[in-house]
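Only one structure is covered here, and it is reproduced in the block below.
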Protein chains: 2
Amino acid sequence: MLMSVDTDLLRVLADPLRLQIVTLLARETLCTTHLVAETGARQTNLSNHLKVLRDAGMVDTEPCGRFTYYRLKPDVIASLAGQFAELAETARATAAADRKRSCP
Amino acid sequence: MLMSVDTDLLRVLADPLRLQIVTLLARETLCTTHLVAETGARQTNLSNHLKVLRDAGMVDTEPCGRFTYYRLKPDVIASLAGQFAELAETARATAAADRKRSCP
DNA sequence: GACTGACATCAGCATGTACTGATACTTTCA
DNA sequence: TGAAAGTATCAGTACATGCTGATGTCAGTC
């Protein structure tokens with residue numbers, strides 16, 4: 001069966017530090033220095049996670065002198081939100097109808 | 001900062017087999033035998049994953065003779081969907097406003 | 001009561017993951 | 001032009017994760 005939600009994206013967001021980065025970037029475009037300061041993570045650890053987010057296609061980079069700005073791709077989050085909304089609606093309707101398959 | 005989405009729940013759903021189980025249960029209440037048949041997973045592997053879903057508070061169990069039925073808790077999925085919807089809206093508004101913090 | 005079916009639990013193993021420290025590369029500054 | 005700042009990459013390590021096979025427990029059947 002086709003998955004209802006993209007598990008590769010879920011795995012990327014399931015890490016607390018990466019989710020924090022995504023949440024910060026949802027509010028404003030920031031550079032690596034900003035993100036180190038806001039998250040308290042070490043610079044190389046943050047870079048590792050930023051690479052995971054880039055590879056997952058969730059953020060774009062934007063050089064600015066020797067700073068690198070990261071910008072979230074809102075459509076990726078919107079797509080995930082849509083998938084969860086569908087799953088939630090299906091679950092709600094099923095609970096309301098109390099659908100239960102017979103014993104085998 | 002408080003997380004925008006529950007990463008413990010995300011980690012639970014980030015596994016393809018567990019997400020498949022949740023998707024099947026979103027459509028109807030099923031027993032372990034049904035789930036083995038629908039997913040093709042081995043019985044002990046499926047039981048391991050069902051335990052993870054129970055421990056995460058995503059499903060309830062319902063004994064029925066020697067069968068065990070699993071019922072999805074729709075409010076858990078609805079809550080996650082709501083969290084993603086908020087994150088998506090924040091991201092969309094930020095992209096529209098083109099918010100970018102100045103260089104440090 | 002023995003047997004069968006359904007399913008939960010557990011230990012072991014292979015693989016994946018997240019962090020650290022070291023280091024390389026690029027840009028800017030003095 | 002060399003030093004400093006910013007950031008990316010990499011190897012190593014410790015821990016987490018997912019699967020398997022074996023096995024235990026409980027409900028139903030004969």
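Just so it is clear: chains get the letters A, B, ... in the order the sequence lines come, proteins before strands, and each one is counted from 1.
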Check this for me, if you would: do B/Arg11 and B/Asp6 make a salt bridge, where the nitrogen-to-carboxylate-oxygen distance has to be below 4.0 angstrom?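 Not counted as a salt bridge, because no side-chain N and carboxylate O are separated by less than 4.0 Å.
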
Students often get this wrong, so: under 4.0 angstrom with heavy atoms, is [X] touching a base, only sugar-phosphate, or nothing?
X: B/Asp15; result: sugar-phosphate
X: B/Ser47; result: base
X: B/Tyr70; result: sugar-phosphate

Common cluster, A/Leu35/A/Phe67, ILVMFWY with side-chain heavy-atom separation under 4.5 Å: no

Is the distance from OP1 or OP2 of [N] to the nearest side-chain N or O of [X] less than 4.0 Å?
X: B/Thr44; N: D/dG21; value: no
X: A/Thr68; N: D/dA8; value: yes
X: A/Asn45; N: C/dC19; value: yes
X: A/Arg42; N: D/dA8; value: no

Hey, what's the ring geometry for A/Tyr69 with A/His34, parallel, tilted or perpendicular (30° and 60° as the breaks)? perpendicular

On a plain distance test, is the side chain of A/Asn48 in donor-acceptor contact with the base of D/dT7 below 3.5 Å? no

Regarding C/dA6, can its base be found pairing with the side chain of B/Gln43 as donor and acceptor, where the two atoms are less than 3.5 Å apart? no

Starting from [atom2] on [N], measure out to [atom1] on [X] and report it in whole angstrom.
X: A/Leu19; N: C/dT17; atom1: CG; atom2: C1'; answer: 17 Å
X: A/Tyr69; N: D/dG6; atom1: OH; atom2: C1'; answer: 12 Å
X: B/Leu53; N: C/dC7; atom1: CG; atom2: P; answer: 16 Å
X: B/Leu30; N: C/dC7; atom1: CG; atom2: C1'; answer: 16 Å
X: A/Lys51; N: D/dC10; atom1: NZ; atom2: P; answer: 7 Å
X: A/Leu46; N: C/dG21; atom1: CG; atom2: P; answer: 16 Å
X: B/Phe67; N: C/dA6; atom1: CZ; atom2: C1'; answer: 7 Å
X: A/Leu13; N: C/dA18; atom1: CG; atom2: C1'; answer: 16 Å

If you assign each of A/Arg11 and A/Val36 to its closest nucleotide in DNA chain D, which residue comes earlier from the 5' end?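 Nearest nucleotide further toward 5': that of A/Val36.
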
For B/Glu62, I'd like to know if atom CD has over 12 heavy atoms of other residues, nucleotides or ligands within 6.0 Å. yes

Identified side-chain contact (heavy atoms from CB on, under 4.5 Å) partner of A/Val5 from the options B/Leu19, B/Leu80, B/Leu13, B/Thr23: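 It is B/Leu19; the other options fail the test.
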
Among side-chain atoms of B/Arg27 and A/Thr94, is any donor-acceptor pair under 3.5 angstrom?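 No.
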
Using only heavy-atom distances, determine whether the side chains of B/Arg54 and B/Tyr70 contain a donor-acceptor pair under 3.5 Å. yes

Under a 4.0 Å heavy-atom criterion, the protein footprint on nucleotides 25-30 of chain D, written with B, S and -, is --BB--

Working note: A/Arg101 + B/Glu38, criterion salt bridge (charged side-chain N to carboxylate O under 4.0 Å, His left out); need CA distance, chi angles, decisive distance, verdict. CA-CA 12 Å; A/Arg101 193 182 292 188; B/Glu38 297 272 351; 2.8 Å; yes

